Structure formats: structure tokens, C-alpha cells
Amino acid sequence: MSHLRRSHFCGSPMHALDRRGFLGLAAGAAAFAADMTQLNVLQHPLLAGEMKKQQKRCILLWLAGGASQLETWDPKPGASTGGPFRAIPTSVPGIHISELMPEMAKRMKHTCIVRSLNTRNGDHGGAAQLMMRGRRDEANLKYPDLGAVLARELGQADSQVPDYVSFYFATEGRGSAPGSAGFLGSRYAPMELYTSMIPENIRRLDGIDDLDHKQRGELRDSLSKQFAKGRVSSSLGSHGEAYQRVRGLMASEKLFDVSREPQKIREKYGPTLFGEQALAARRLIEAGVPFVRVGRAWWDSHGENFETHRELVPELDHVMAALLDDLEQRGLLENTLVITLSEFGRTPGINASLGRDHFASAWSATLSGCGIQGGSVHGKTDAKGERVADGEVGAAELFATIYRALGINHQKNYHVGSRPVPLTDPGTKPIKALLA
Amino acid sequence: MKTIKEISSNGFAFTLARVPGSQRVLFGGADFKVYDVDFSAAKPEAKALGEHKSYVTGLALSGKIAVSGSYDGRLLWWDIDARKSIRAVDAHAKWIRKVAVSPDGKTIASVADDMVCRLWSVADGKLLHELRGHEEKTPHHYPSMLFACAFSPDGRCVATADKVGHIVVWDAVGGKSVKTLEAPGMYTWDPVQRKHSIGGIRSLAFSPDGKYVAVGGIGKIGNIDHLDGKARIEIFDWKKGEKAIEFEDDKFKGLIEHLAFQPKGDWLLGGGGANDGFFLFFDLKSKKATRHEKAAMHVRAFVLDEKVETIYAAGHGKIQVLEAKG
Amino acid sequence: MRSRHLTLPLLVLGLTCSFARSAEIAPSALAVEQVVDRYIESSLQEARITPAPPADDATILRRLTLDLVGRIPTLEETQAFLASTSPNKRVESIDRLMNSSGFVRHQATEFDAMLMNGTKGSVRAYLLVALSENRSWDRIYRELMLPDENDAKLKPAGEFLRQRVRDLDKLTAEVSCLFFGVNVSCARCHDHPLVADWKQDHFFGMKSFFSRTYESGGKLAERDTGLVKFKTTKGVERQAKMMFLTGKVVPTDTLKENPADTAKKKNKKEGEKKAPPPSAPKFSARAELVKLSLEPEQRDFFARSIVNRVWYRLFGYGLVMPLDQMHSENAPSHPELLDWLARDTAEHGYDLRRLIRGLVLSKAYARDSRWEKGETPRAALFAVARVRPLAPTQLAVSLRLAVADPKTFPASLKPDEFDKRMAGLESNASGMERLFEQPGDDFQVGVGEALLFSNGERVQKELLADGGDRLLGRMQQLKNEEAVDLAVRTILSRPPRAAEKKLLGDYLQQRAAKPKEARQQIVWALLTSAEFRFNY
């Protein structure tokens with residue numbers, strides 16, 4: 001029948017899909033299996049050492065609620081929309097950022113500012129999904145978010161550490177963009193931390209000792225392996241893999257414990273929750289976790305925008321600078337991409353409560369480290385910051401750029417059943433100028 | 001409350017001062033400029049004296065001298081008759097939030113987000129005292145803010161109040177802390193939903209007899225994306241270090257941005273707002289709000305005239321002359 | 001309900017889609033299962049593949065019980081089935097299960113998951129009523145699409161539209177996917193380049209049936225007028241007709257701009273608050289869609305889609321895959337079979353029971369899931385049973401049942417009392433299903449689930465605590481061998497094999513000092529085994 005599956009998907013430039021995928025379900029399943037095998041091969045100690053050097057990772061500083069571009073990366077001092085903050089020069093001549101970010105100003109060489117995002121969605125939920133996935137879900141097709149894709153692309157099938165960790169302790173906006181593996185399924189779902197720095201269910205309960213815990217797991221394995229004989233199913237395989245990862249993950253609890261860091265390092269990140277979670281993120285990626293999201297909520301400054309940013313931006317500045325320094329000193333920065341991103345920016349217009357509202361037409365994000373042309377700015381907004389004046393970037397282009405910076409082909413296909421689905425919408429191009 | 005006259009303030013006006021015995025008012029705000037306007041004119045018109053490099057947030061008058069403070073950290077001295085700036089002082093490393101003048105007109109107090117109150121000689125701009133008694137960080141390790149200051153009626157004390165509700169009364173002559181008071185209810189940190197804060201003590205006034213210090217701000221905020229909390233006033237018998245009154249208004253939501261006592265001291269007038277604005281008359285004896293007046297703007301600063309007949313107010317969009325009676 | 005459809009003439013198929021094989025398909029008088037096996041076997045012969053042998057008795061009972069009533073069998077059910085020498089024992093079990101109230105509850109859960117997955121709402125309360133009366137699929141469709149919110153019993157059906165009414169593109173696309181098996185969302189931006197069936201006119205034609213639907217004061221409402229305009233890829237503005245997927249257009253004079261639309265846009269918030277309570281429209285576009293899509297000449301999409309979806313659920317793989325790509329360029333694996341089943345279903349009044357019963361009676365359904373010799377044949381051949389992950393509710397209820405004292409459901413229990421107790425057990429299990437993910441194609445079990453079972457307090461408390469009414473309690477009273485035997489029979493719904501007896505027996509033996517803990521651990525190992533997690 002497979003020859004009949006020739007062409008039931010769009011082939012237009014807009015929705016074009018790779019024809020290699022038109023091979024029916026068997027091919028889809030096989031491709032999936034091949035992927036896994038390949039990764040398993042890399043578990044070989046010698047190869048693993050080489051792999052570790054090259055292993056790319058990503059930390060997303062997720063500024064939930066919508067941080068203001070005008071009070072961070074794209075200041076407009078003196079404009080009627082500019083607000084009270086000044087711009088300051090940075091270590092890269094010609095680039096100015098808000099005076100609220102003196103530490104990042106000293107470290108611009110690692111960072112590229114994208115000032116020309118136009119993402120067309122100003123609703124928290126929809127925008128957060130868009131900026132976590134790079135596109136809108138389709139009817140009957142939920143896309144994996146950035147973390148799930150990177151877990152799949154950069155993680156190892158039987159990894160002993162989690163491959164997608166997400167911190168989000170504030171309650172506001174948590175439901176807007178929970179980590180989502182979409183069609184990749186729960187194998188790539190995040191380990192989400194909401195209230196405690198210790199992941200859920202990672203600690204052995206008191207009622208069972210460690211040896212019994214281990215041996216009942218082995219008993220489970222023997223029974224399951226017997227069952228798996230003669231039965232081929234990727235779902236069945238994933239069940240076994242999930243259980244095989246349990247003991248390793250339990251051992252990774254210490255990665256979340258920042259009290260194991262020297263006091264000097266802890267002080268660099270500072271005492272705030274955001275600082276501690278950024279430090280935990282570094283501990284995690286250092287141990288091989290490919291993706292960590294540190295959610296800092298809630299930036300939604302409809303009232304008192306400047307007081308809000310006066311409070312929150314210095315923390316962002318401090319934590320981001322500490323993180324980049326720490327990664328650089330450990331030789332991790334060249335393989336670690338640090339992203340700062342919100343669901344949208346904020347209006348240039350200042351409302352009657354001295355607030356700024358939701359704004360998706362001309363806003364900023366940054367990329368630092370791995371694969372990025374540091375010390376650069378992409379795109380610009382007009383004098384008042386009301387629209388993109390040059391180099392417009394949509395969510396798709398931003399994601400293509402992120403994938404490419406991490407060495408991933410942004411046009412790569414996944415298969416949903418037999419349907420090939422590319423990583424970014426067809427025709428999407430990464431921003432070349434921004435890639436190292 | 002009847003509006004007698006009003007003009008546009010070219011955006012947000014944050015501060016205002018009135019030349020005693022006249023209808024001449026100086027104001028400043030988000031367009032960085034310092035203006036004056038004479039409301040006795042048939043068609044009052046604001047004219048700029050000059051400008052700062054950021055929001056103008058404090059103004060105080062001593063005779064023909066005005067001193068303005070700004071988020072640019074500078075204090076500018078103005079000769080209001082010559083309409084020009086006569087002195088500039090780099091007063092603070094961070095945003096100046098308020099400027100107050102002593103009753104004798106000799107001393108200026110400025111407070112800023114460097115968490116220091118500085119006292120200045122009006123005559124020559126010299127620094128008299130640096131008053132340090134406010135933490136730079138909140139208990140949650142974020143930058144604190146020092147919003148409010150005022151002199152006591154006898155001029156011997158100056159009081160300062162910050163974002164976390166910490167109040168210090170200082171000996172203005174000796175430059176020493178005399179008393180500290182706490183109003184933690186003014187600190188609006190939201191530890192669960194949004195993990196930030198926007199309130200703080202925004203206004204401060206001594207009672208005419210010098211016995212009480214009143215502070216204004218906002219109470220617990222549900223949704224901290226907005227000024228969505230009850231207007232809040234606390235009054236201290238400061239020498240005793242006792243809280244005399246703690247009040248949250250049931251009608252008005254938002255910040256109390258400015259507070260002034262009636263000269264007899266029977267009642268207290270608060271002005272402020274969220275999206276909209278209000279005036280609130282608070283009776284000290286009954287400890288109740290006796291009059292609620294909606295304002296046409298979020299009120300940032302106001303002055304009562306000597307006879308308590310007229311209010312001159314500055315706020316988001318307007319400068320107004322209002323009839324105080326009602 | 002049935003007779004109305006039985007009187008319909010044999011339809012002429014294939015208006016836009018080329019299904020013009022109806023003349024060749026098997027006669028309608030045959031039983032569903034016979035036709036299924038005839039077509040499946042013929043394609044196997046063509047492919048020169050001998051299918052897997054029938055599954056053994058214990059497996060087939062477990063599979064049927066999971067599919068029909070959403071749980072594993074009780075120990076007594078398993079024992080009785082294994083002991084029975086009746087040549088009709090499979091049919092008897094199917095009928096017993098389908099006549100229990102558990103059947104209605106499970107089907108309601110499954111259809112609810114199908115209809116409401118991805119939303120925050122549920123229509124299960126409505127489905128329970130509808131399915132307990134064996135309402136036909138066309139009636140359920142009609143009641144979901146045209147909910148009478150004034151009727152308390154029908155009100156929950158409104159959730160289907162309510163959850164989607166804020167995004168009419170989504171509503172259009174999802175109704176098309178769920179009821180007609182086609183995904184027209186590609187055609188929102190452009191004509192489908194390779195599938196001749198789908199033009200922009202189709203998407204916007206379908207949207208025209210929904211564009212007048214809105215929510216007012218918490219109630220669903222529909223305007224009399226309103227039209228959908230769209231821009232073609234060439235930038236030309238076009239006005240959509242009210243057009244079904246087949247190309248059939250509803251002639252109407254109501255395609256005009258709604259005056260309320262412009263006013264509403266101007267003052268959106270106020271308009272909503274002050275809007276008068278909605279009254280029923282004189283002309284309902286949604287009612288037109290329901291009417292049109294069920295007309296004999298138009299009903300193919302509707303009939304084929306429900307057949308494919310039910311088939312998918314019971315076989316783990318559709319006759320057409322993916323389920324929302326039923327169009328002329330994506331042929332079914334067994335076109336004649338799908339045509340026959342669609343016709344049969346339509347002619348029998350869209351009777352879901354008939355369809356389900358027929359499918360589970362087939363030989364194709366009852367094959368073993370192991371393929372030990374050579375490469376596994378393509379899924380579309382249905383040569384071997386698929387290993388299917390349990391749905392969240394199936395898993396939650398089965399876990400509860402597995403750890404319950406088998407004596408809770410003794411052989412002596414009358415069917416009514418059995419149903420009552422089982423309903424009680426199901427409601428005790430409720431809540432746990434939220435910990436599991438609704439499986440889709442190529443479902444991958446996440447490590448979160450493995451961690452939950454390995455270290456979760458909830459699992460410990462709800463499944464492994466040794467209450468008086470538990471399997472564990474019963475096991476504590478038994479010798480090792482008997483305890484193993486009981487545990488395997490109860491949890492895995494089959495007798496233990498020799499190797500297992502040894503493996504589990506040794507495990508207990510080595511922990512002779514702490515028999516209680518050891519028994520708990522083997523219960524855990526069985527509950528978390530792959531065998532328990534899947535329907536195989």
C-alpha cells in the first residue's frame with residue numbers, strides 16, 4: 001500500500017513536506033528506531049568522551065509575562081515612548097542597552113541582540129506557546145516545544161540525567177506554556193519543578209531500602225523482557241527505556257542541589273530564586289542535560305512598568321552575567337546557547353497607569369554563546385520602537401536560528417505516523433548573520 | 001469636587017509646588033521639563049523653565065528659588081523670576097524620588113533609590129547631611145526604593161520612608177536617626193503568583209502638631225500586574241513608636257501618592273490612583289474616610305491653599321485647580 | 001431509529017472521492033465479522049503472509065475486557081473463562097461485557113477522549129446518557145453540533161462547541177477531523193497542491209457553517225446572517241459559499257454582512273456584556289451542515305470516519321492512516337472493506353454497538369500479538385495484533401482492580417451487584433488517570449511515569465498499602481508458591497508460567513526474613529511490567 005501514500009500531504013512552499021517521508025508507517029517507525037540506535041552507539045566510553053566535548057546544550061531564561069524591550073535590549077532614550085531610563089554604551093562600540101543592565105553591557109561580546117521580532121500574537125497563552133514552539137499547533141497536531149526538540153536532538157536515549165528540565169515557581173502564567181513534548185510524546189516531556197528544587201518522585205521512599213528498590217526494578221525488567229519477545233512496538237520499547245533511566249535519574253538529584261556549590265560561586269549568582277535556578281541550570285547542563293528552562297515570572301507590567309523593570313531587570317542583568325561568566329570559565333559557553341526570551345514585548349506607548357501593555361510587533365530577544373555571532377545586533381526598530389524598521393524576524397526564523405546555532409538541521413523531518421513534519425515550517429530560513 | 005481650572009500637563013506630571021499667596025504653580029513630569037503656570041491668567045499656559053535629563057519627580061520652593069529633582073539624579077536650582085537654572089548638583093547615583101523643603105526655607109531634603117536622604121543648603125547648594133538608614137535591598141534581595149520624605153512643622157525633623165515600609169525620623173539639624181517605624185503592610189511582595197512587588201510607602205506627612213507621621217501607599221495587591229489593591233494609610237504616634245491608625249479604603253483602589261494634613265489637624269487629605277484617580281478625606285477622630293472624590297486623573301501631587309479652599313493638583317495628564325469644599 | 005435508515009436506498013458512492021467500488025463490494029446481508037475477515041484474509045493471501053495464530057483464551061479475554069469495559073478481567077472472570085468448555089464462550093463474554101453498565105462508562109470515556117482531547121472540557125456526562133440509551137452516532141453528532149442548552153440532560157453536550165467557539169478556524173478544522181476524517185486546515189492558506197479534493201473553498205466553505213456561532217453571556221448562540229470572506233493566494237478577496245466537503249452548496253439568502261459584526265468589533269467588551277440573551281436563529285447554518293452531511297449522497301465522509309475511528313481504537317491502526325487524512329490521494333488499506341463497513345453502519349442507523357460487536361467478533365481482532373518468525377508484517381495487513389498502550393482511565397481502573405482483594409468480586413456475585421461494585425471501584429480509581437497521558441500514534445512512555453511508579457507516594461499509598469481489602473493482604477496469608485500464583489493470575493489475568501514461578505518464588509525465598517515487603521515488591525514488579533501497561 002505504501003506506494004499509494006504518495007502525496008496526501010501538502011507540497012506547497014508554505015506547507016511543503018519532505019517526500020522522503022512518503023514511505024509509509026514502517027519507514028517512519030524504522031527511522032525512529034535508527035535514531036535511537038545511533039544514540040546508543042555513542043554511549044561507548046571513547047566516543048562518549050568525544051561527544052561530551054562537542055555536546056551542545058541550551059539554557060532558556062524565560063521571562064514570562066513579557067519583559068519590556070525598551071527597558072532591556074532596545075532602549076529609546078528621549079523618545080516620547082522611551083520612559084525614564086537611559087541607554088548606556090556596551091563593551092561593543094555602537095551597541096547601547098538600558099542602564100538597568102550594566103553587567104551585560106560589559107559582556108556584550110558573547111551576545112547577539114535580536115531587536116526585530118514581529119510575532120503577531122499578543123495573548124499570553126497563544127504567544128507563550130508560539131515562542132516555546134516556534135509555530136502554532138495545527139488541528140490534531142501538537143508540536144513539541146524547544147525543550148522537547150532539543151531533548152530529542154541533543155539527548156541520549158538512555159541518558160542517566162534528565163534531558164529536559166524546566167523551573168517555573170511562580171504560579172502566574174504557568175498554565176500558559178507548560179513544557180510540552182507535543183507529538184514527540186511523554187518520552188520527551190520535561191521534568192518540571194514548580195515548588196521545590198527537588199524534582200518530583202526522584203527520591204526513594206523510606207519504606208523500601210536501596211537494595212530492594214534496585215532488585216525489584218531488576219525483577220520488573222526480567223518480566224518485561226520476557227513479554228517483549230516477539231513483540232515489536234516503539235511504545236513498548238519506550239516503556240522499558242523509561243524504567244531503565246530511573247536509577248540514574250535518582251542519582252542526579254544532587255545536580256539540583258546548589259548548596260553543593262562553593263560559596264563563592266553561589267554569591268556570584270546571588271541569593272534570589274532566579275539566581276539559584278540559573279546555577280542549578282549550569283550544574284545540570286554541565287552534567288549533560290541538553291536543555292534547561294529557567295522561568296522567571298511575572299513581567300506583565302500593565303501598571304507601574306518602570307518600577308517593575310527597576311525591580312526585575314537588575315536581577316536579570318546580574319544572573320545572566322553570572323551565568324555567562326561561569327559558563328565561559330568552565331569552557332562550556334562555546335557549546336552552550338543561552339537564550340533570553342519572553343512570549344512578547346511591551347508597547348512603546350505608556351498607559352495611564354504608567355504601564356506598558358502586550359506588544360508583539362517589534363520586540364527583542366538575545367542569543368549568547370554556542371554558535372552565535374556575539375557582540376552583534378540583528379534588526380532594528382523605528383525611532384519610537386513602534387515597528388520593525390529593518391531585518392524583521394518571526395518565531396519560525398528565530399527557532400531556525402536556534403537550531404542551526406546548536407548544529408541541528410532546521411529542516412530535518414520527524415514523522416507523525418507516516419506524516420513527515422519538518423522542525424520548522426518549510427521555507428523558513430535561519431538568520432545567517434547571527435550565526436558564528 | 002468642582003474643577004475651577006485645568007491645563008494639560010504634556011503627559012504625566014509627577015510633582016508640583018505653589019508660590020505661596022499666589023496662583024502660580026510649578027510642575028514637572030515625564031517630558032523631563034520644569035514648567036510654571038499662573039492660574040490667575042484668563043488662559044493659563046504652562047511655560048518651561050528648563051529641563052532635566054529624565055522624569056522630574058520632586059519640586060520645592062523657597063522664596064524665589066525652586067529646587068527640582070529628577071530620575072537623572074540631579075537637583076537643579078531655579079530662579080523662578082529670572083526663569084533660569086542657577087545651580088546643578090549631582091545629588092544621587094540613582095533616581096531621585098522626592099524633594100522637600102524645611103519650613104524656614106533654608107534646607108532641602110532629597111531622597112533617591114540609592115536609599116540615602118541628603119540635606120542641602122538652599123542658599124549655596126552645599127551638602128549638609130547624608131542620612132543613611134534604609135536597606136538597599138528588599139528582604140527578597142531586590143532593589144529597594146526610597147520614595148518619600150517630609151519635614152516636621154518645626155523643621156527639626158525630617159522623615160523618610162521606603163518600599164518595604166521602613167520609616168526613619170531624623171534629627172534634621174544633627175543628622176542622626178531619632179526613631180524608626182515599620183509599616184510592613186505597605187510592602188506588596190507577591191511570593192506566590194508573580195514574585196515581584198510594586199507598592200511601597202509613596203507619601204508621608206507630619207501632623208501640624210508634629211505628633212503624628214502619616215504614610216500612604218497601597219495595601220495587599222491581588223493581581224500585581226495592576227495597582228489592584230486598596231488605598232492604604234498608616235498613622236504613627238512617632239515619638240512613642242506606636243501605630244495609631246491603620247486604614248484601608250473600601251472604595252478606592254490604588255496608591256496614595258500624596259498626603260497633606262488640614263492645618264488644624266482634624267483631617268488628612270490623600271490623593272492618588274490606579275488607572276483612575278481619587279482624593280480621600282480621612283478624619284482622624286473617627287478614623288474613617290469621610291469623603292471620597294473621584295479625580296479626573298491619577299493624582300501624583302497636590303497643594304492645599306492657605307484657606308483650605310483650593311487644591312492645586314498634578315497628575316497623569318493634567319494640572320488642575322479644584323474647589324476643596326464639598 | 002434504525003428503521004428510518006434501513007429504508008434508505010443503496011447509495012451511489014463517490015461524488016468527489018473515487019470510492020466508486022460500491023458495486024463490487026460484498027452483499028449487505030453478511031455479518032460484520034465475516035466481511036472483515038474475508039477482506040483482511042484476502043489481502044494477506046495476496047501478500048503471501050500467514051497471519052499470527054489466534055491469541056490464547058486468557059489473552060483474548062483480557063483484550064476484550066479492556067476494549068469493551070475499560071479494565072482487566074477480575075480473577076473470577078478469568079478463571080471462569082478458562083474453565084468454560086462452551087464453544088461460544090467468546091461470543092458469550094462479548095455479550096456479557098457489552099450488556100454491563102461498564103460498557104457504557106468505558107465507551108463514554110473513549111469517545112470523550114476522542115472528541116475533547118486537547119480541550120479543557122468534557123462531554124462525558126452527556127455521552128453517558130446518550131450511550132446508555134444506545135443513541136446512534138448520527139444522533140450524538142446532531143446533539144453535539146446543535147446542543148439544546150435549555151434541556152438539562154443535553155446541556156453538557158454544549159461543551160463540544162463551547163470549548164472551540166473562541167477560535168472558529170479551530171472549530172472548523174476539528175469538526176472536519178473528528179466527524180469527517182479530513183483535515184482541511186492546510187487549505188486555509190491555499191488550495192491543497194496535491195490533493196485535488198481540498199481547495200480554499202472547502203476550508204472557508206466549511207467555516208461558513210460555523211462563522212455565525214458565538215458565545216454570549218456563557219451561552220452558545222448563532223446569528224441568522226454572516227458571511228466568510230477570504231483572500232486567495234493571488235490576493236483576490238472571495239466570498240465563501242456555505243459548502244460541504246463534497247462540494248455541495250447550501251442555497252441560502254442569508255450570506256450577507258451581519259450588521260452586529262461591525263458594531264461588535266468597535267466596542268467588543270461592552271457589546272458582549274450588554275448583548276441580549278441569544279435567541280435561536282431563524283436559519284441555522286450549523287443545522288444545515290448536520291442535515292446536509294447526513295444526506296444519503298453526502299454521508300460518506302461521516303460514515304467512513306466513524307468506522308475508521310472505531311476500527312483504529314480496536315486494532316491500534318486505522319484502515320486509513322492518519323485518521324484525519326481520508327481523501328482520494330490517501331487510499332485505505334482495504335478500500336472495499338471500509339466501503340462495506342461504512343455502508344453497513346449507515347444502513348444500520350449508525351449503531352455503534354453493532355459496529356463494535358462485529359469488529360471484536362472477527363478473527364482479525366483476535367490474533368496473537370507475537371510475531372516470532374522473521375520481520376513483522378506491515379501494520380496495515382492486520383496479520384498480528386498490535387501492542388496498544390492502555391488509555392489513562394483503563395490503566396487507572398486496572399491498577400485499582402489488580403490490587404483489590406479478588407474476593408471483592410466473587411463468582412457468586414449477581415450481575416447487578418457486580419456492576420455496582422465495579423462502578424464504585426472505578427470511581428475510587430478516578431483521579432489517578434490524570435497522571436497518565438492519553439496515548440496517540442507512536443506513543444512514548446515518559447520517564448515521569450517510571451519515576452512516579454518507582455518513588456511516588458501516591459502509588460505507594462493507593463496501590464501498595466496493605467489494607468484489609470487488598471490482594472496483598474490475601475497474599476500475606478499464603479505460602480510463597482500460592483502467593484505467586486494468585487498475584488500473577490490477578491494482576492496479569494493469566495496463570496503463571498514455570499519460569500515466572502521460579503523467578504518470583506526465588507525472589508520471595510531470598511527475602512524470607514521480610515515476607516511482607518517481598519510480596520509488596522513482586523506486586524509492584526507485576527503492576528509496572530510491560531505486560532500490564534499494554535493491551536496486547
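Chain letters run A, B, ... following the sequence lines, proteins first, then strands; residues in each count from 1. The model shown is predicted, which means the values in this text are computed figures rather than measured ones.
- Most heavy-atom pairs under 4.5 Å with chain C, from the set S222(A), S233(A), G230(A), A189(A): that is G230(A).
- Enclosure of atom NZ in K514(C) by more than 12 non-hydrogen atoms of other residues, nucleotides or ligands within 6.0 angstrom is indicated.
- Between chain C and the options Q215(A), R204(A), K229(A), heavy-atom pairs under 4.5 Å are most frequent for Q215(A).
- Across all their heavy atoms, L223(A) and S529(C) have their closest contact at CB-CB, 4.4 Å.
- The contact between I208(A) and chain C is made entirely by side chain atoms (from C-beta outward), counting heavy-atom distances below 4.5 Å.
- With a threshold of 4.5 angstrom between heavy atoms, D209(A) approaches chain C through side-chain atoms but not through N, CA, C or O.
- For the pair R136(A) and D167(C), the salt-bridge criterion is met [side-chain N within less than 4.0 Å of a carboxylate O].
- Y507(C) and D212(A) make their closest contact through OH-O, 3.8 Å (heavy atoms, listed as atom of the first residue, atom of the second, distance).
- Side chains of R220(A) and Q521(C): no donor on one and acceptor on the other come within 3.5 Å.
- If you measure heavy-atom distances from W371(C) to chain A, the contacts under 4.5 Å come from both the backbone and the side chain.
- Distance CZ/R216(A) to CD/E517(C): 12.0 Å, rounded to 0.5 Å.
- With a threshold of 4.5 angstrom between heavy atoms, L249(A) approaches chain C through side-chain atoms but not through N, CA, C or O.
- Between the side chains of R231(A) and S369(C), at least one donor N or O sits under 3.5 Å from an acceptor N or O.
- In this structure, M191(A) and L451(C) approach most closely via the heavy-atom pair CE-CD1, 3.8 Å.
- For the 3.5 Å distance criterion, the side chains of S224(A) and E531(C) fail to qualify, holding no donor opposite an acceptor.
- Across A242(A) and V447(C), no two heavy atoms sit closer than the pair O-CG2, 3.6 Å.
- Centroid-to-centroid, the aromatic rings of F227(A) and F534(C) stay 6.0 Å apart or farther.
- For the set R203(A), R245(A), E218(A), K142(A), the count of heavy-atom pairs under 4.5 angstrom toward chain C peaks at R203(A).
- Contacts between Q244(A) and chain C at a heavy-atom distance below 4.5 Å are absent for every atom of the residue.
- When each of D163(A), L141(A), L219(A) is checked for heavy-atom pairs under 4.5 Å with chain C, L219(A) comes out on top.
- The heavy-atom pair separating G456(C) from N201(A) by the smallest distance is CA-OD1, 3.2 Å.
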